[in-house]
Each structure stands twice: as C-alpha cells, then as structure tokens.
Amino acid sequence: MIGLSSYAGVMDSLMNSAEEQQASSPLTNSWSKIQESSKNQKPKGVGGFVLVHAGAGYHSESKAKEYKHVCKRACQRAVDQLKAGALAVEAVAAALVELEDSPFTNAGMGSNLNLSGEIECDASIMDGKSLHFGAVGAISGIKNPVLVANRLLSEAQKGKLSAGRIPPCFLVGRGAHDWAVSHGIPPCPSEKMATKFSLSAYKRNKRKMELAEKMDTGQNQTKKRRQSSENENGSGCLDTVGAVVVDLEGNVAAAVSSGGLAMKHPGRVGQAAHYGCGCWAENACNMNPYSTAVSTSGCGEHLIRTMLARECSAAMQSEDAHQALLEAMQNKFISSPFLTSEDRVLGGVIVLRCCRCVEAQPSQNIQGILVEFLWSHTTESMCVGYMSAQDSKAKVIPSDKITGKIICALFVGQFICPG
C-alpha cells in the first residue's frame with residue numbers, strides 16, 4: 001500500500017534560469033522545492049496531493065484573506081476525501097465544491113452576472129484513469145455545477161443507455177439543469193446564488209456600459225466600446241477556480257468551474273466547459289512516462305482558441321517541467337498564431353505531473369511516486385494553495401507580478417511503499 005512520507009525539509013529558491021528569462025517573458029511562475037523522505041518513519045497508508053487556484057486575474061488586498069481561506073478549505077476538503085480512500089476524481093470534485101461555495105470566487109455562488117442580470121455557470125472535470133470527461137455550460141439554478149459535470153462523467157462510465165444510445169458528456173443551458181435535477185442534484189434559485197458583491201459589480205458594470213452607449217458614433221464609438229469591454233472583462237473578472245489531484249494509487253484528475261466573464265452575452269460558454277481547454281488529466285501510459293493534470297483560468301475565448309490545458313499537459317512529458325511550461329505558455333499561448341489579433345493575452349494554469357520511481361536502500365527497495373507541481377499566469381495575480389495528505393494544513397501563495405521578478409515554483413515529493 002502506497003503512503004506519503006512526512007516532510008524532511010523545505011527549501012525555497014529562485015532558479016537562475018528563471019531570472020534570465022524574466023526580461024523576455026511576461027509569465028509569472030513560482031518555484032519552490034520540497035524533498036520528502038521516510039527512512040526513519042513507517043508509511044501510514046495514506047497519500048495524495050492537491051493543488052488549487054482561486055483564479056488568474058486581479059485579487060484585491062481587501063479580499064486577500066478570503067481568497068487564502070477558501071484555498072485552504074478546498075485543499076483540506078480534498079485531503080479529507082483522499083484520507084478516506086477516495087480516488088482523485090472524487091477528491092478534486094470536493095475541492096471544487098468548496099471553491100464554488102465561496103461568495104468571493106467567480107464560480108457557483110457569487111458568480112458574475114450576464115447582460116440580463118442572470119448567473120450562468122460553466123464547469124468540467126476529467127479523470128486521468130478512465131480518461132472520461134464531464135462538462136456543463138451556461139447552466140443556471142444549480143449551486144455546484146461541478147457536481148453535474150462529475151455526475152455526467154460517472155454516468156458515462158456505466159456504458160450505453162437504453163436502445164444503445166451514447167450517454168452525454170457535455171450538456172448546456174436548460175437541458176443541463178433538467179438533467180441535473182432528474183439525477184438527484186437539487187436546484188437552487190438563481191437569485192439566491194447572487195451575492196451583494198456580484199450584484200454591486202453588475203450595477204456598476206451596467207452603468208459603465210450605459211455611459212459607453214452615449215459616446216460618439218462611428219469608429220470612435222466602436223473603439224471606446226471595445227476599450228470599455230476590455231475593462232469590464234479585464235483581469236479582475238477572470239477568477240475561474242480549479243484544482244488538480246493525485247491520489248494514493250497515482251491516479252490524477254482535474255476540474256475547473258467558472259461564472260464566466262462579467263456582462264457576458266446570455267448563452268456564452270467559456271473554456272471551463274470546453275474539452276482540452278479548461279482542464280485535462282491523463283495517467284501515464286506506454287506513450288507518456290508522466291501522469292499529468294492541468295486546470296486553467298483566464299479569458300475563456302483565449303483559452304478555447306489555444307486549447308491551453310491540453311497543450312500544457314503534452315508539454316509536461318519533457319524532462320524539464322519548469323522549462324517546458326515556460327515554453328508552452330510563451331509559444332502556445334502568449335505568442336500563439338491564433339491570438340495575434342489580441343492586445344493582451346490573459347490566462348493562467350496550474351499543472352501537476354507525477355511518475356513512478358524506485359529508491360534503492362540497503363534493506364529494501366522503495367517504490368514511490370514523484371510529484372511535481374507548477375503554475376504560471378500572464379495576469380496580475382493568481383492565488384494558489386496546495387497540501388499533501390500528511391500535512392497538518394495547506395500552504396497558500398498569492399502569486400503576482402508586483403516585484404517584476406519571475407518566480408518559478410516547483411514541488412517535488414514522494415509517495416512511498418515498502419519494497
């Protein structure tokens with residue numbers, strides 16, 4: 001039985017290679033290294049690791065504590081599931097529920113309101129073991145959209161429906177809502193999902209849009225409308241939430257949930273619901289030596305057109321994870337030919353990868369799982385939290401670009417079992 005050893009020590013360091021890339025790259029990463037050892041401690045039979053984010057965007061100082069607290073709670077929720085023997089896909093869903101329930105995140109409760117003053121949410125989840133995927137788009141009246149996505153995933157794993165029908169993996173709008181209710185997920189009135197924060201933001205945005213409508217006509221009006229749209233849909237509104245998990249058996253899973261852009265058109269579906277764009281999870285196989293899990297955040301249109309989640313997952317098969325992520329963000333996102341018309345490219349990712357390893361000791365061979373995690377973003381900030389199954393509490397790091405330095409972060413740990 002695989003267990004996670006206790007920490008032997010923590011070493012935080014900046015990598016010279018990252019500093020050298022600072023001048024040419026607008027990426028923000030964080031780099032820390034943790035090496036775990038259990039030579040003097042027996043495995044406890046529990047293991048797993050979770051990494052969460054509260055979105056890539058702008059996180060105001062006034063709400064900094066709330067973002068940190070919700071990330072910690074999400075990590076704890078996932079770890080509790082892992083300790084109870086749950087697989088990665090269930091643990092990652094539990095983390096997302098906690099993130100969705102916070103009134104300070106743009107997911108589930110307190111999501112951004114659309115042009116009509118309504119809440120429509122997107123969410124998806126992927127299981128690296130089965131490679132099944134579940135998603136909902138523009139769904140209203142459901143408190144936790146990720147639970148609907150997870151139920152779609154689990155129902156699809158049961159096989160075909162009556163008369164040989166293929167079960168759905170992606171539902172939108174009213175159809176998604178009705179399917180959720182018919183499968184035991186309770187509805188929640190949309191007015192109860194709006195918070196004082198989301199309502200005040202909607203009123204403020206609506207006033208700004210009305211002022212924009214009164215501007216000069218013609219090309220000048222078009223230009224000013226675009227600038228207004230960019231401000232409304234700027235980095236402050238891009239706080240999609242997500243998580244990635246590896247469980248005791250080495251299975252990975254990823255999930256993402258979002259209320260979408262502020263003042264979006266009704267029916268708009270962002271990257272959080274799209275396959276390969278919002279999240280990706282894939283266990284190691286003969287073709288790929290590493291298991292990978294990715295969750296994205298940012299401007300959905302940018303992330304959809306680049307399929308960033310899947311691109312980052314593929315990049316993680318390289319030996320140097322840190323360099324691979326930097327190159328993927330630069331070449332596949334910031335400098336992507338699909339986004340050449342964009343003035344600013346807004347996005348962020350959290351990435352987890354792991355592989356099996358063997359450590360030879362005089363009395364036994366220790367087989368384990370080496371876990372690495374990284375994150376990167378082009379937005380002003382990104383709040384990230386992480387926790388292992390044997391940690392007493394989660395660690396939360398608000399990553400930003402205030403210092404102008406590129407801080408790249410990498411976690412290294414081991415899940416061990418006696419040989």
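- Inter-residue side-chain proximity for Gln323 and Ser318 is flagged as unmet; no heavy-atom pair is nearer than 4.5 Å.
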Show your working on side chain to side chain contact (heavy atoms under 4.5 Å, CB included) between Phe333 and Thr378 and close with a plain yes or no. CA-CA 10 Å; Phe333 190 58; Thr378 66; 4.2 Å; yes
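- In this structure, Glu120 contributes its side chain and Gly137 its backbone to no donor-acceptor pair below 3.5 Å.
- Taking the six-membered ring for Trp and thresholds of 30 and 60 degrees, Trp375 and Tyr386 have ring planes inclined between 30 and 60 degrees apart.
- Here the options are Ser388, Cys354, Ser291, the test is side chain to side chain contact (heavy atoms under 4.5 Å, CB included), and the partner is Val246; only Cys354 passes.
- Val136 has its side chain out of reach of Ile142: every pair of non-hydrogen atoms, C-beta onward, lies at least 4.5 Å apart.
- Rounding to the nearest 0.5 Å places CD1 of Ile304 at 6.0 Å from SG of Cys277.
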Under the side chain to side chain contact (heavy atoms under 4.5 Å, CB included) criterion, do Ser297 and Val256 qualify, and how do the steps go? CA-CA 8 Å; Ser297 178; Val256 60; over 6 Å; no
As a quick check of understanding, evaluate side chain to side chain contact (heavy atoms under 4.5 Å, CB included) for Tyr275 and Met126, giving each step before the final call. CA-CA 9 Å; Tyr275 187 72; Met126 188 167 181; 4.2 Å; yes
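- Summarising the geometry, atom SG belonging to Cys279 is positioned 8.5 Å from atom CG belonging to Leu96; distances are rounded to the nearest 0.5 Å.
- Considering OG of Ser124 and CG of Leu153, their distance stands at 10.0 Å, rounded to 0.5 Å.
- Within the structure, every pair that satisfies the salt bridge (Lys or Arg N to Asp or Glu O under 4.0 Å) test and touches residues 287-309, not counting sequence neighbours, is listed here: Arg268-Glu301, Arg305-Glu342.
- Remark: the backbone N or O of Lys196 is paired with a side-chain donor or acceptor of Ser200 at under 3.5 angstrom.
- Within the 4.5 Å cutoff, side-chain heavy atoms of Met329 are placed close to those of Leu325.
- For the residue pair Gln76 and Ser392, the shortest heavy atom distance occurs at OE1-O, 4.2 Å.
- Ring to ring, Tyr67 and Phe104 are not that close: their centroids are 6.0 angstrom or more apart.
- In this structure, NE2 on His183 lies 8.0 Å from CG on Leu152, to the nearest 0.5 angstrom.
- In terms of heavy-atom proximity, Ala95 sits nearest to Val52 at CB-CG1, 4.3 Å.
- Taking all atoms of both residues into account, the shortest heavy-atom contact from Cys383 to Val396 is SG-CG1, 3.7 Å.
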Test side chain to side chain contact (heavy atoms under 4.5 Å, CB included) on His265 and Asn114 and set out the steps. CA-CA 6 Å; His265 194 283; Asn114 64 17; over 6 Å; no
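- Shown here for Leu248 and Gly47, the closest heavy-atom pair between the two residues is CD1-N, 3.4 Å.
- For the atom pair CG of Asn251 and CG of Asp127, the computed distance is 7.0 Å after rounding to the nearest 0.5 Å.
- Under the 3.5 Å distance criterion, the side-chain polar atoms of Asn106 are matched with a main-chain donor or acceptor of Gly260.
- The nearest pair of heavy atoms linking Ala255 to Ile125 is CB-CG1, 3.9 Å.
- Sorted by first and then second residue, the pairs that involve residues 169-188 and meet salt bridge (Lys or Arg N to Asp or Glu O under 4.0 Å), not counting sequence neighbours, are Arg174-Asp178.
- The shortest non-hydrogen separation linking Lys143 to Glu100 is O-OE1, 4.3 Å.
- Pairs passing the salt bridge (Lys or Arg N to Asp or Glu O under 4.0 Å) check and including a residue from residues 148-173, sequence neighbours excluded, read Arg151-Glu155, Glu155-Lys158.
- Asp122 contributes a side-chain N or O that, together with a main-chain N or O of Gly270, makes up a donor-acceptor pair within less than 3.5 Å.
- For the atom pair CG of Asn150 and CD1 of Ile185, the computed distance is 8.5 Å after rounding to the nearest 0.5 Å.
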